[in-house]
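Worksheet: the structure to be examined is printed underneath.
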Amino acid sequence: MENNLDIIYSKPLKCYIEIEYNTKLISLRFVGPGKHTREKKAHDAAFELDRYFEGELIDFASDVDISNFGPFTQKVLIETRKIKYGETITYSELAEKIGSRAARAVGNALGKNPIPIIIPCHRVVAKKGIGGYSGGIDIKTRLLELEKRNANNL
DNA sequence: GACGATAGCCCTT
DNA sequence: AAGGGCTATCGTC
């Protein structure tokens with residue numbers, strides 16, 4: 001089955017984003033401006049992302065497909081989706097919520113997150129410091145700043 | 001077995 | 001204070 005691809009531009013992140021989907025969301029990638037990059041918005045999530053970057057949306061409704069992962073990783077990703085807009089928890093706190101003490105394993109699992117932003121792994125930070133981010137720490141920082149700015153006006 | 005997007009402790013400057 | 005080494009922890013590959 002052939003998947004669909006939408007492309008949007010994020011002003012706060014200063015980069016393009018590709019979202020891949022069929023019946024559910026498959027992946028979200030950060031991409032620099034390509035030769036023939038043009039925006040294409042068909043899926044709801046593309047419009048949701050637009051509003052998110054404007055600070056007007058705090059909750060994504062779109063369904064995500066994480067069925068190809070193991071049970072631990074799925075638990076981590078599901079738990080991550082419960083973190084509220086503008087809030088953060090630590091790797092160890094997230095581990096505890098799913099009945100584990102493997103803070104590092106949580107980091108590993110989050111590193112595999114196929115759909116960042118919508119599964120808000122940027123809200124999981126280290127006890128001391130910001131922790132890592134597959135898309136680059138700068139993107140994580142911008143996302144957290146964006147949410148901190150807009151958390152007030154719900 | 002080794003390796004992590006961790007965390008805590010115990011040193012040294 | 002701030003940074004480095006050591007170790008506990010545990011899911012993945």
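A, B, ... follow the sequence lines: proteins, then strands. Residue 1 opens every chain. As a basis for the values below, the full set of heavy atoms in this structure was taken, side chains included, without hydrogen atoms, waters or symmetry mates.
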Which heavy atom of [X] sits nearest a heavy atom of [Y], and at what distance?
X      : Y      : value
A:I137 : A:G131 : CD1-O, 3.2 Å
A:N22  : A:N4   : CA-ND2, 4.4 Å
A:I8   : A:F53  : CD1-CE1, 4.1 Å
A:G132 : A:Y91  : N-OH, 3.3 Å
A:I83  : A:P120 : O-CG, 4.4 Å

(request) May I ask you to say what A:T73 touches in the nucleic acid, namely base, sugar-phosphate or nothing, with a heavy-atom cut-off under 4.0 Å? (result) sugar-phosphate
(message) For a quick check of understanding: with a heavy-atom distance under 4.0 Å over all strands, which category does A:F72 fall into, base, sugar-phosphate or nothing?
(response) sugar-phosphate
(message) Is there a salt bridge (charged side-chain N to carboxylate O under 4.0 Å, His left out) between A:R123 and A:E147? Walk through the geometry before answering.
(response) CA-CA 10 Å; A:R123 296 176 190 153; A:E147 294 192 5; 2.9 Å; yes
Under 3.5 Å donor-acceptor, [X] side chain and [Y] backbone:
X      : Y      : answer
A:K127 : A:T90  : no
A:S100 : A:E96  : no
A:K140 : A:V124 : yes

(request) At the 4.0 Å heavy-atom cut-off to chain A, mark where contacts on DNA chain C begin and end, going 5' to 3'. (result) C:dA8 to C:dC13
(message) For A:R29 and A:E20: C-alpha separation, side-chain torsions, deciding distance, then whether salt bridge (charged side-chain N to carboxylate O under 4.0 Å, His left out) applies.
(response) CA-CA 9 Å; A:R29 295 185 290 281; A:E20 188 181 3; 3.4 Å; yes
(request) May I ask you to list the residues of residues 98-113 of chain A, by number, that have any heavy atom positioned under 4.0 Å from an atom of DNA chain B? (result) A:A103, A:R104, A:A105, A:G107, A:N108, A:L110, A:G111
(request) For A:D65, enumerate each residue passing the side chain to side chain donor-acceptor pair (under 3.5 Å) test, keeping only those at least two apart in sequence or located in another chain. (result) A:S67
(request) Evaluate the ring planes of A:H122 and A:Y133, with Trp represented by its six-membered ring, and classify them as parallel (under 30°), tilted (30 to 60°) or perpendicular (over 60°). (result) perpendicular
(message) What range of DNA chain B does chain A touch, first nucleotide to last, counting atoms under 4.0 Å from its heavy atoms?
(response) B:dG4 to B:dG8
(request) Under 3.5 Å for both distances, Watson-Crick or G-U wobble, that's the pair rule; now give the dot-bracket for DNA chain C, with | marking pairs to another strand and [ ] for crossing ones. (result) ||||||||.||||
(request) Could you list the residues that satisfy salt bridge (charged side-chain N to carboxylate O under 4.0 Å, His left out) with A:K40, not counting sequence neighbours? (result) A:D6
